[in-house]
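Everything below concerns the one structure shown next.
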2 protein chains.
Amino acid sequence: MRSTAEARRVTVLNAAVSAFARTGFHATPVTTVAAAAGISEAYVFRLFSGKLGLFVAAAGACFERIALAIEEGAERAAGASPEEILDAMGGAYAELIADRDLLLFQVQAQAVTDIPEIAEAVRAGYRRVATFVQDRAGASDAQVQQFFAYGQLCHLIVTAGLEQVPEPWARALIAGIRHP
Amino acid sequence: MRSTAEARRVTVLNAAVSAFARTGFHATPVTTVAAAAGISEAYVFRLFSGKLGLFVAAAGACFERIALAIEEGAERAAGASPEEILDAMGGAYAELIADRDLLLFQVQAQAVTDIPEIAEAVRAGYRRVATFVQDRAGASDAQVQQFFAYGQLCHLIVTAGLEQVPEPWARALIAGIRHP
DNA sequence: CATGTATGTAAGTGTGCACTCACAAACTAG
DNA sequence: CTAGTTTGTGAGTGCACACTTACATACATG
């Protein structure tokens, strides 16, 4: 035994988040994930229940990492006002998605919510993050809503590549957003 | 000649926006679009330059309809304050995406921006809408940004099916958003 | 060492789908 | 009527990819 199955699963999930982030569920062959993880395609199918199971597990890993980062951000602003805590959470999130994999994976997951298992995974992910933001920051409904609205705006900025667009409309959409 | 090629193209594009909205670029066979348009798959390939050409043309049609709706909304609030014009535009947009095809198509398009032609089509679409909002409403950068941020929040609400979720975090994200 | 179990893979199999081609029917122009 | 153009399709072709099966190799335990 070179490795335990559980350790392999972690490796594969990291590769899966990256691969699915780039090309999405349907356009990402399992072979690509397997190659990135350094194992055979057949073994991926033994470790996860089909491509769908792999994607759902990757979604879990993705939101897990997001939730952890936001919790960490909240730690740094412990005891401050809701606005300051939200700001710290936003900063932690901005740092986390600098490499774009986690952001793009969310976009890809939202695009395949016609598959019920994925829709449920997406809801579960946002449930975890949203309830935490609401409880931990002590933020109002409107503040939580705003937090997620501008988070979703980041998705547009990154997928459309607006950082590279010098025109005024693009600059307006980017203005003040951290790190897209 | 039953119909002219140009008329067929319009029919096919309507079918394409609907079909791609539901299952996305990679998971939507051209056969599905052809069947919905009532013609053969082979003829779709003659009318458009491949599946990619069809998707890009559908994106054009999608943003065209969005732009028209927003312009119409602006008409109704002609001469009012920026806030009121933005509100009228938002209302017109909310009406338009009641059937969800146009909203879901945008989500699907954003998910396949790794294909350069699609990325450019997405940018062109948002360029048109954003510049119009900015110019016509006379809105500040921050107002335009907010307009799009809450528009993107609608994408999340619809794809994750949050209207059906009774939990507090979901209610907070939906609160005050028109018609999702 | 023998037996059992977990880790790992090479080599298929079947299917779905993008795209093509040869051909047909309708319409137009002279 | 004939010749040419446009609209339209049925029947392929080839390839990519999800998933399986049979088999190999490492490690543990008695």
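This is a predicted model, so every value here is computed, not measured. Just so we're on the same page: letters track the sequence lines, and every chain starts at 1.
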Just the rounded figure in Å: distance from [atom2] of [N] to [atom1] of [X].
{"X": "B:F48", "N": "C:dC19", "atom1": "CZ", "atom2": "P", "result": "14 Å"}
{"X": "A:F45", "N": "D:dT21", "atom1": "CZ", "atom2": "C1'", "result": "14 Å"}
{"X": "B:F20", "N": "C:dC17", "atom1": "CZ", "atom2": "P", "result": "12 Å"}
{"X": "A:R9", "N": "C:dG8", "atom1": "CZ", "atom2": "C1'", "result": "14 Å"}
{"X": "A:H26", "N": "C:dT15", "atom1": "NE2", "atom2": "P", "result": "20 Å"}
{"X": "B:I115", "N": "C:dA18", "atom1": "CD1", "atom2": "P", "result": "12 Å"}
{"X": "B:L47", "N": "D:dT6", "atom1": "CG", "atom2": "C1'", "result": "11 Å"}
{"X": "B:Y43", "N": "C:dA24", "atom1": "OH", "atom2": "P", "result": "19 Å"}

| task | Might you point out which heavy atoms bring A:T32 and A:A19 nearest each other, and give the distance in Å? | result |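 Taking every non-hydrogen atom into account, CG2-CB, 4.4 Å.
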| query | Which pair of non-hydrogen atoms, one from B:Q145 and one from A:L173, has the smallest distance, and what is that distance? | reply |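 Smallest interatomic distance, heavy atoms only, reads NE2-O, 2.9 Å.
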| task | Identify, between B:E41 and B:A5, the residue whose nearest nucleotide on DNA chain D lies closer to the 5' end. | result |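 Looking at DNA chain D, the more 5' nearest nucleotide goes with B:A5.
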| message | Quick check on DNA chain D: between A:F25 and A:R46, whose nearest nucleotide comes earlier from the 5' end? | response |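 Here A:F25 is the residue nearer the 5' end.
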| query | Looking at the side chain of B:A42, which of C:dA18, D:dT9, D:dC19 is the nearest nucleotide? | reply |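 Closest nucleotide among those given: D:dT9.
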| task | Report the residue (B:S49 or A:S40) whose heavy-atom-nearest nucleotide on DNA chain C is the more 5′ of the two. | result |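 Residue closer to the 5' terminus by nearest nucleotide: A:S40.
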| message | Mind checking if A:T32 touches a base, just sugar-phosphate, or nothing, with heavy atoms under 4.0 Å? | response |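 A:T32: no heavy atom of the nucleic acid under 4.0 Å.
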| task | Look at A:R8 and C:dG8 and indicate whether a side-chain polar atom (N or O) is within less than 4.0 Å of OP1 or OP2. | result |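 Indeed, a polar side-chain atom of A:R8 lies that close.
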| field | Over 12 foreign heavy atoms within 6.0 Å of CZ, A:R171 | value |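 Open: at most 12 neighbouring heavy atoms sit under 6.0 Å from CZ of A:R171.
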| field | More than 12 heavy atoms of other groups within 6.0 Å of B:E167 CD | value |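 Enclosed: over 12 neighbouring heavy atoms sit under 6.0 Å from CD of B:E167.
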| field | Worked verdict on B:F55 versus B:F48 for ring-ring contact (aromatic ring centres under 6.0 Å, His included) | value | CA-CA 9 Å; B:F55 189 91; B:F48 295 91; over 10 Å; no
